[in-house]
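To start, the structure itself, in structure tokens.
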Amino acid sequence: MSLPPEKASELKQIIHDHLLKIDIHGRIREVLAETGGSDHGGSHGALSETECLHALQRRGIIEDVMKDIRFTQESTTAAETGSPPKPATHFVDKNITRLKKTDIDRSRRRLYVQVLGGKAFLEHLQEPEPLPGQVSSTLTLYLHFRNQRFRSQPVPCALEPDLKEGFVLEVNRDGECSKMPDATSMLSLCDPVHLVLIRTDTSGETALVSSYFLDWRAVLGAPSGKTCFAVELMGVGSECKVPAGVLTVSLELLPPLTETLSAAVISTQQSLERQRTAEKERLFLVYAKQWWREFLEIRPSNRSKMVKIFAQDENGVNRPACAYVRVLRAGRLLETPRQAARFVSLLAHEKAPVVGGGGGAKQEQWCTLMAFLCRGKGDCEDHAALLCSLLLGFGLDAYVCVGTKAKGVPHAWVLTRGADGSATFWESLTARRYLHRAVDPDAPPLAPQPRPSSPYRTVGCVFNQQSFLANGQPSDAVELCVFDFQNQSRWKAMSEEALRSVCAPGATAALPPLPPLCAPSLDAAAASNQLELEMRLLVAERRKDLELATVWDDHLSYLLSSALAVYELERCTGVSCGNEEFQDAVRRAVPDGHTFKGFPIHFLHRNARRAFATCLRSVFCEEIVCCRGDHVRLAVRVRVFAYPENACAVWLMFACKYRSVL
């Protein structure tokens with residue numbers, strides 16, 4: 001019986017994919033290496049085809065291949081199970097997808113984490129079933145493990161969300177270990193798998209549902225090399241003691257271990273790590289209490305200063321403030337410190353949610369960096385810690401400042417010190433910079449004094465990843481502060497050795513690992529085109545309601561691009577250049593006797609209706625959108641600038657030109 005050419009090629013493709021799936025080439029190489037070494041005394045003589053076949057048959061490889069092929073053929077006739085029949089091309093795609101799990105580099109150890117679904121997410125008990133095509137709130141799971149980050153596909157919020165994803169994690173990173181790690185060496189790797197669950201509502205707003213640190217080493221004692229268990233996710237902030245839901249997680253080491261560890265050995269190692277961490281934290285707490293007593297003995301007024309030694313994370317765990325700052329290098333994602341400041345300012349500012357009134361009290365919550373990046377927004381302390389970490393990565397002498405701004409509102413910002421002793425403040429929420437010049441209280445009354453340029457009023461302490469200094473000066477007013485950290489009469493420093501014992505990378509098992517920044521996956525040009533099209537439709541609808549015609553000037557719209565690029569460049573560098581060319585182009589595009597009006601505005605989101613409603617609150621913008629007159633031509637231009645973590649700077653400009661009638 002002969003097959004048509006297309007069927008024959010399809011069958012060949014199926015066989016080829018199947019052989020790749022079972023790693024037939026790797027198994028043949030292993031047999032050849034063993035046979036060549038044993039039968040030929042380690043020489044490199046060539047084996048005949050008959051000898052190769054006999055060796056493969058002795059090892060049972062040929063039998064395994066034929067058995068698997070018969071199993072594959074049976075699995076294709078799945079009509080009895082009720083599943084719809086699939087064409088052969090889908091069968092091939094299915095095998096290729098499974099290659100991600102089975103066809104691996106056997107010289108490296110990997111951890112296969114599989115999420116098999118969620119249940120008991122009681123907050124979504126009343127969530128209606130989404131209709132086909134209906135937009136609903138979604139849940140997305142993010143993972144971080146040893147400098148690797150992954151995310152799941154978003155699934156609709158439900159009591160039992162359909163979170164089913166698989167992630168292959170490298171256990172030994174490039175350059176870390178040249179040989180395959182065994183169970184004993186992996187037992188000493190205390191880096192957890194950080195799971196962050198994010199809810200995104202229909203308007204695009206994100207909320208942190210849970211942040212969980214998974215100890216994966218239980219798989220080292222699994223007899224089959226695979227273990228499955230339920231992970232109870234807790235809430236965050238004030239709900240950190242309330243369960244948020246349960247995930248079923250399966251762990252598997254690839255390739256499997258030849259020798260596993262006993263459960264007693266694993267639990268003993270984990271217990272020793274917890275004891276070591278608890279002892280270090282206890283000793284640091286004893287030292288911090290003694291240090292604080294000494295600080296209060298300097299002058300009683302120091303008690304009122306904002307000295308933040310410890311801060312609670314999203315799980316309600318108290319950590320030293322220095323533990324929230326690390327040296328973070330962005331690779332080629334960010335090129336300059338000012339660009340880093342711009343990126344941090346694009347992450348939205350939102351205070352930790354408080355259930356109830358609370359009398360205006362601020363909720364205590366400093367997020368771990370992974371939770372902050374996945375959520376895409378946070379409080380001023382989260383922004384300041386991230387900006388300080390990035391500036392340290394750029395080689396600057398950077399510190400987080402904790403104090404107050406106008407009306408005594410608690411605030412955090414960043415300070416950098418120059419080699420000449422100058423101090424510069426960086427506002428992490430806006431990327432603005434302020435050069436600090438201290439007022440000399442002992443100067444003569446008529447001596448000129450610098451005027452305060454920053455919005456900050458008091459500063460209680462400064463810190464980074466290795467230093468913590470409390471303001472010991474008579475006044476904590478920023479305008480009077482001298483940021484000479486070597487002067488012990490002005491700043492009381494903690495022991496750097498004590499800080500290293502609990503804040504240095506790898507110092508304790510409880511220290512959250514530092515995640516890398518992710519490159520933007522957003523297509524900025526496509527997003528700009530889509531948002532601009534939506535804006536045109538909204539403007540046309542608005543003018544239609546007013547019984548006005550809408551005529552677009554595409555050339556004028558294109559000219560607005562250069563202005564938006566200049567605005568973003570100015571935000572990044574603080575230098576304005578290229579505006580003269582834009583003005584000259586507009587003069588050439590607007591005929592004599594015509595009037596030109598333009599309205600630029602900046603957003604951190606890409607919701608067209610929300611942005612349009614904000615624009616119409618401006619009287620000047622409404623005059624442009626609702627322009628009446630002779631020979632009215634409208635223009636709109638949108639530019640989306642993508643940064644790491646898909647943070648977006650969205651610039652929008654409306655413009656119109658019309659004939660002036662006296």
Side-chain angles (χ1 to χ4, degrees), residues 133-135 201-205 346 348 522-571 578-642 648-662:
Q134 180 185 6
V135 178
D201 63 19
T202 53
S203 63
E205 292 295 319
L346 294 176
L522 180 71
D523 187 340
S528 301
N529 291 335
Q530 177 64 26
L531 190 54
E532 185 173 314
L533 179 61
E534 293 175 4
M535 281 297 171
R536 286 198 174 202
L537 293 175
L538 291 172
V539 171
E541 288 179 3
R542 175 74 172 175
R543 291 180 63 84
K544 184 178 180 180
D545 293 341
L546 299 174
E547 297 182 351
L548 296 173
T550 304
V551 182
W552 295 103
D553 188 331
D554 293 335
H555 177 63
L556 184 59
S557 297
Y558 178 74
L559 297 183
L560 303 180
S561 292
S562 61
L564 301 183
V566 168
Y567 298 150
E568 180 61 21
L569 183 63
E570 185 177 2
R571 290 289 182 97
N579 203 32
E580 299 82 1
E581 290 84 354
F582 166 68
Q583 293 176 0
D584 185 58
V586 169
R587 291 191 189 99
R588 292 172 56 84
V590 178
D592 292 339
H594 284 64
T595 300
F596 171 82
K597 290 183 179 180
F599 176 77
I601 192 170
H602 174 256
F603 295 100
L604 303 183
H605 60 84
R606 291 179 286 120
N607 188 315
R609 290 193 176 274
R610 181 175 156 199
F612 189 62
T614 303
C615 293
L616 290 182
R617 295 193 191 114
S618 168
V619 177
F620 195 65
C621 180
E622 190 173 13
E623 288 179 358
I624 295 175
V625 173
C626 307
C627 180
R628 299 172 183 266
D630 183 27
H631 206 68
V632 176
R633 296 292 182 268
L634 296 173
V636 63
R637 193 65 169 174
V638 176
R639 284 292 307 275
V640 176
F641 298 88
C648 292
V650 180
W651 284 98
L652 170 66
M653 190 169 185
F654 293 103
C656 69
K657 65 178 182 179
Y658 58 92
R659 189 193 305 274
S660 301
V661 179
L662 298 178

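Keep in mind the model is a prediction, meaning the values are calculated, not measured.
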Run through Leu652, Leu537, Val640, Val638 and flag the one making a side chain to side chain contact (heavy atoms under 4.5 Å, CB included) with Glu532. Val638
For Glu568 and Arg639, run salt bridge (Lys or Arg N to Asp or Glu O under 4.0 Å): C-alpha distance rounded to whole Å, both residues' side-chain angles, the deciding distance at 0.1 Å, then the answer. CA-CA 9 Å; Glu568 180 61 21; Arg639 284 292 307 275; over 6 Å; no
Check Leu559 against Ala585 and note the closest heavy-atom contact, atom names and distance. CD1-O, 3.8 Å
Ser557 side chain to Arg637 backbone, donor-acceptor under 3.5 Å: no
Has Lys544 got more than 12 heavy atoms of other residues, nucleotides or ligands less than 6.0 Å from its NZ? no
Quick one, Leu522 and Cys648 - any side-chain contact, counting heavy atoms below 4.5 Å? yes
For the atom pair CZ (Phe620) and NZ (Lys597), what is the distance rounded to the nearest 0.5 Å? 6.0 Å
Which class fits the ring pair His602 and Trp651: parallel under 30°, tilted 30 to 60°, perpendicular over 60°? tilted
Have a look at Cys656 and tell me which of Thr595, Leu634, Val625 forms a side chain to side chain contact (heavy atoms under 4.5 Å, CB included) with it. Leu634
Please name the pair of heavy atoms, one in Ile601 and one in Cys615, separated by the smallest distance, quoted to 0.1 Å. CG2-SG, 3.7 Å
Over all atoms of both residues, closest heavy-atom pair of Pro600 and Tyr567: CB-CE1, 3.5 Å
Backbone N or O of Tyr558 within a donor-acceptor pair of the Ser561 side chain at under 3.5 Å? yes
For the CG atom of Leu531 and the CZ atom of Phe612, what is their distance to the nearest 0.5 Å? 12.0 Å
Say you draw a straight line from OG of Ser562 to CD of Glu580; how long is it, rounded to the nearest 0.5 Å? 11.0 Å
Is it true that a side-chain atom of Lys657 and a backbone atom of Leu556 form a donor plus acceptor pair closer than 3.5 Å? no
Check the pair Leu560, Phe654 against side-chain contact (heavy atoms from CB on, under 4.5 Å), reporting the backbone distance first and the verdict last. CA-CA 9 Å; Leu560 303 180; Phe654 293 103; over 6 Å; no
Using 0.5 Å steps for rounding, measure from the CE atom of Met535 to the CE atom of Met653. 14.5 Å
Minimum heavy-atom distance Arg543-Ile624, with the two atoms named: NH1-O, 4.4 Å
How far does CD of Glu534 sit from CG of Asn529, to the nearest 0.5 angstrom? 11.5 Å
Is there side-chain contact between Thr614 and Phe603, with heavy atoms separated by less than 4.5 Å? yes
Out of curiosity, Arg588 CZ to His555 NE2, how far, rounded to the nearest 0.5 Å? 8.5 Å
Charged N to carboxylate O under 4.0 angstrom, Asp523 versus Arg606? no
